[in-house]
Amino acid sequence: MSGTFSAESRLIHAGTARAQGQPATPPLVPASIYVSEGEPRRERCYGRDGNPGWEALEEALGGLEDAEAVAFASGQAASMALMLTLARGRDRIVLPADGYYGARVLADKLRPHGAVPVHVDLQDLPAVTRELKAAPSVLWAETPTNPLLRVADLAGLAEAAAAADAPMVVDNTTATSLLQRPLDRGAAASLYSLTKAISGHSDVLAGAVVSRDSELLNDLRAWRSSGGGIPGPFEAWLALRGLKTLPLRIARQSASALAIARHLTGRRHVRAVYYPGVDPTTLALVERQMPNGFGPLLSFEVNSASAADRVVASARLILPATSFGGVESTWERRARWPGETAPGGLIRLSVGVEPAADLIADIDHALNTLEEP
């Protein structure tokens, strides 16, 4: 099918056996052991090394980038395996100064093992180049960033990384592989929290790495097995079920998020709006890099932390919760989390699949409470 149909069509059928009497959907296989004798078949000996549900999910994920995938118990488990694999023999992990704080926490924990985290503005390519050339490094990119939705030039970053012989990882969780394909732009690996838009229903924790580098993939599978960061069979089954509707969900969420971002721009009580589709400084770049939409996540600032708390608490439709990419819209004052670098009055909004007009009405209602005594 790979040479005939689109990746979106292929993911619908991933893991399905086209044989008489076989189930039309991938089965759930809660097995911890397999029948095995003689020469071991690694992925069919013990449940920590393989599961048919993982394989179906990995087939679907990898197909979206014409690559292979390795599924993990969470995005952080996937990140840890990547950092441990790629930082071996390297002195630094160069990370975005404004990216996901969980990656910064994880990189700090690797410091005793010799990999020093260095934070840099990924939009400043000369600064990235200097940091990569200062010592053997890994480039840990994220675009759009979470929570400020800043966009970096993947092709430019890849060129800088290649010149420094530094593998580039791209956390592509916000965009997903339907809106952006980092491997096509020079990344060694794409990283995903499947918990977010890919599974899309706020009912599973999982992660994955997608790559075309067979040696890297084998190392990641080894770390997954020895470290135990494996997804459960049910979690893999849920993630694959959610993934099949990603093209429909991400299109609606991206369109609604763009409409909301445009509505918020210039609105009273809103100091700033952060969304790739409304940032004039990078709009031309993002239209080239993400031609099919800008994703479900946006942020905006109000005057203070207390004002942000009031807005979040006043919603009638949007849920106060963390994470993003689910079918239900959620928001939170992001700086309430220790270690987050977001401004105090910043609200991160994950746009769900509710009608955009309903979401705008709820946002306006919540913002209008700032005018009350």
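As the structure is a prediction and not an experimental result, all values here were calculated from the model.
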**OP:** Look at atom CD of E340 and say whether more than 12 heavy atoms of other residues, nucleotides or ligands are closer to it than 6.0 Å.
**Re:**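 Yes.
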Original post:
Just wondering, more than 12 heavy atoms not from E215 lying within 6.0 Å of its CD?
Top reply: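 No.
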**OP:** Among I230, V204, L205, find the one that has a side chain to side chain contact (heavy atoms under 4.5 Å, CB included) with E235.
**Re:**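 Answer after filtering I230, V204, L205: V204.
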Original post:
Measuring from E301:CD to Y274:OH, what's the distance to the nearest 0.5 Å?
Top reply: 3.5 Å
Subject >> Value rounded to 0.5 Å, distance of CG in L84 from OG in S79 >> reply: 10.5 Å
Original post:
How many angstroms lie between CG in L349 and CZ in R334, if you round to the nearest 0.5 Å?
Top reply: 13.0 Å
Original post:
For the residue pair A71 and P231, what are the closest heavy atoms and their distance?
Top reply: O-CD, 3.6 Å
Subject >> Lys/Arg cation over aromatic F5: R10, 6.0 Å, 45° cone >> reply: no
Original post:
How many angstroms lie between atom OG of S299 and atom CZ of F324, to the nearest 0.5 angstrom?
Top reply: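 Going from the OG atom of S299 to the CZ atom of F324 covers 10.0 Å.
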Original post:
Same cluster for Y101 and I347 if Ile/Leu/Val/Met/Phe/Trp/Tyr side chains link at under 4.5 Å?
Top reply: no
Subject >> Heavy atoms from other residues, nucleotides or ligands near CG of D108 exceed 12 (cutoff 6.0 Å) >> reply: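 Result for CG/D108: enclosed.
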**OP:** Using a 4.5 Å cut-off on heavy atoms from C-beta on, say whether the side chain of D279 contacts that of L283.
**Re:** no
**OP:** For residues R185 and R288, report the shortest heavy-atom separation together with the two atoms involved.
**Re:**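 Closest approach of R185 to R288: NH2-O, 3.2 Å.
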Subject >> Connected via hydrophobic side-chain network under 4.5 Å: L298 and L148 >> reply: no
Original post:
Under 4.0 Å between a Lys/Arg side-chain N and an Asp/Glu carboxylate O for E131 and R92?
Top reply: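 So E131 pairs with R92 through a salt bridge.
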Original post:
Step by step, would you call L157 with L139 a side-chain contact (heavy atoms from CB on, under 4.5 Å)?
Top reply: CA-CA 8 Å; L157 291 174; L139 176 57; 4.1 Å; yes
Original post:
Considering residues, nucleotides and ligands other than Y46, do more than 12 of their heavy atoms fall under 6.0 Å from its OH?
Top reply: no
Original post:
Ion pair present between D364 and R267, side-chain N to carboxylate O less than 4.0 angstrom?
Top reply: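 So D364 pairs with R267 through a salt bridge.
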Subject >> Partner of R181 under side chain to side chain donor-acceptor pair (under 3.5 Å), chosen from T176, N172, D66 >> reply: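 Going through the options one by one, the only one that passes is D66.
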Subject >> salt_bridge(R221, E68) N-O dist < 4.0 Å >> reply: yes
**OP:** Work out which heavy atom in N292 is nearest to a heavy atom in L179; give both atom names and the distance.
**Re:**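 Closest heavy-atom pair between N292 and L179: O-CD2, 3.6 Å.
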Original post:
R150 and side chain to side chain donor-acceptor pair (under 3.5 Å): which partner among T281, T143, T145, D98?
Top reply: D98
Subject >> Distance (rounded to the nearest 0.5 Å) between L154 CG and L285 CG >> reply: 8.0 Å
**OP:** Measure the CG-CD1 distance between L264 and I360 for me, rounded to the nearest 0.5 Å.
**Re:** 8.0 Å
**OP:** List the steps and the verdict of side-chain contact (heavy atoms from CB on, under 4.5 Å) for V311 and W331.
**Re:** CA-CA 10 Å; V311 169; W331 61 5; 3.6 Å; yes
**OP:** For the residue pair E328 and S202, confirm or rule out a side-chain donor-acceptor distance under 3.5 Å.
**Re:** yes
Original post:
Hey, are E55 and R44 close enough for a salt bridge, meaning a charged N less than 4.0 Å from a carboxylate O?
Top reply: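 Yes.
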Subject >> Nearest heavy atoms of T330 and S323, plus distance in Å >> reply: OG1-O, 3.6 Å
Subject >> N51 to P233 - nearest heavy-atom pair and separation >> reply: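 Here N51 and P233 meet closest at ND2-CG, 3.6 Å.
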